[in-house]
Every structure is written in structure tokens, then in C-alpha cells.
Amino acid sequence: MSSSILFGTRVRQIRKQFNLSQARLAEKAGLSPKYISEIELGKKGVSLETADKIAAAFDLSLSDFLKEHTAESSDYIAVRQKYNALIESVGELEKTVSHLQKTAQELLKSNWFSSIPTRHPKN
């Protein structure tokens, strides 16, 4: 089996583990989706620079990316995948909190709260 086919198989395998489309991987790696497809099919070889871009798109070193599929590398990839998902979630939470803060500030500036009737506790 040629090195292009082996590398392409590895790209597809890890891309699927990370639940990425070819288009999303291409975007993260700064490559075209067509090129990613050709790599996965073994139709195109890659330079070390391109291989490094692809590995970096998964937040992996080229060395970790190229490791033979073992339980240890699978565990690392699974942990890395969960880490990346967590980081994305934190980013989304930060956006939501920021939006809520801006909305609260706008409401305070507009005196919106003063229009809400207050209830006084009965003694």
C-alpha cells in the first residue's frame, strides 16, 4: 500500500473520530475540501508542511497524528476530542454571558425595571 493511501486512510479515520466533515477539516487546516478528499482517497500526496497543517487542525502534533492506531493513541484522541468540545462549549457560554450582560446593561439604562410594579410583603 502506498504512503499516500496510508496517510489518506489515517486522515479519514481521525476526521471521523473528531466528527468533522471534509469541508470543516479543510477550513481548519487552510486547505480546499477537494484537496482533503483527494488526500483521503490517496490520489494526492502531501508535503510535511501540509501533513503538519492537517495534524494541527485536530490539535495534534504530527508525531501523534502519525502514530499507529493503538489503544493509547485512541485514548489520547478521544480525550483530545472531548477537550476540544469542552473548549467550544466554554466559548459558546462566554458569548451567552456577554450577551446577557449587554442586555441587562441596556435594560438598566432604559429604566425598564422602574416600570415593574413592586410588591410589598404583608406584615
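Residue numbers run from 1 in the order of the sequence given. Everything numeric in this text was worked out from a predicted model, so none of it was measured.
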Is there side-chain contact between Val46 and Tyr35, with at least one heavy-atom pair below 4.5 Å? yes

Glu49 versus Lys53: any side-chain heavy-atom pair under 4.5 Å? yes

From [X] atom [atom1] to [Y] atom [atom2], the distance as rounded to the nearest 0.5 Å:
X: Ile5; Y: Leu41; atom1: CD1; atom2: CG; answer: 9.5 Å
X: Arg15; Y: Arg12; atom1: CZ; atom2: CZ; answer: 7.0 Å
X: Ile14; Y: Leu60; atom1: CD1; atom2: CG; answer: 6.0 Å
X: Gln22; Y: Lys16; atom1: CD; atom2: NZ; answer: 8.5 Å
X: Leu66; Y: Leu6; atom1: CG; atom2: CG; answer: 10.5 Å
X: Thr96; Y: Glu94; atom1: OG1; atom2: CD; answer: 10.0 Å

Mind listing the closest non-hydrogen atom pair of Ala26 and Ser32 along with its distance? CB-C, 3.6 Å

Is Leu20 reachable from Ile87 through a run of I, L, V, M, F, W or Y residues, each pair having side-chain heavy atoms under 4.5 Å apart? no

In the single-linkage hydrophobic clustering (I, L, V, M, F, W, Y; side-chain heavy atoms under 4.5 Å), do Val11 and Leu62 co-cluster? yes

Using only atom types and a distance under 3.5 Å, with no angle test, would you say the side chain of Ser89 pairs donor to acceptor with the backbone of Ala85? yes

Counting only N and O atoms by type, is there a donor-acceptor contact under 3.5 Å from the side chain of Ser37 to the main-chain atoms of Pro33? no

Does Lys43 pair with Glu38 as a salt bridge, N-O distance under 4.0 Å? no

As a quick check of understanding, evaluate side chain to side chain contact (heavy atoms under 4.5 Å, CB included) for Leu31 and Leu25, giving each step before the final call. CA-CA 8 Å; Leu31 304 168; Leu25 172 58; over 6 Å; no

Take atom CG in Leu48; do more than 12 heavy atoms of anything else shown fall under 6.0 Å from it? no

Tell me if the NZ atom of Lys28 is crowded by more than 12 foreign heavy atoms within 6.0 Å. yes

Could you label the plane-to-plane angle of the Phe58 and Phe65 rings as parallel, tilted or perpendicular, counting under 30° as parallel and over 60° as perpendicular? parallel

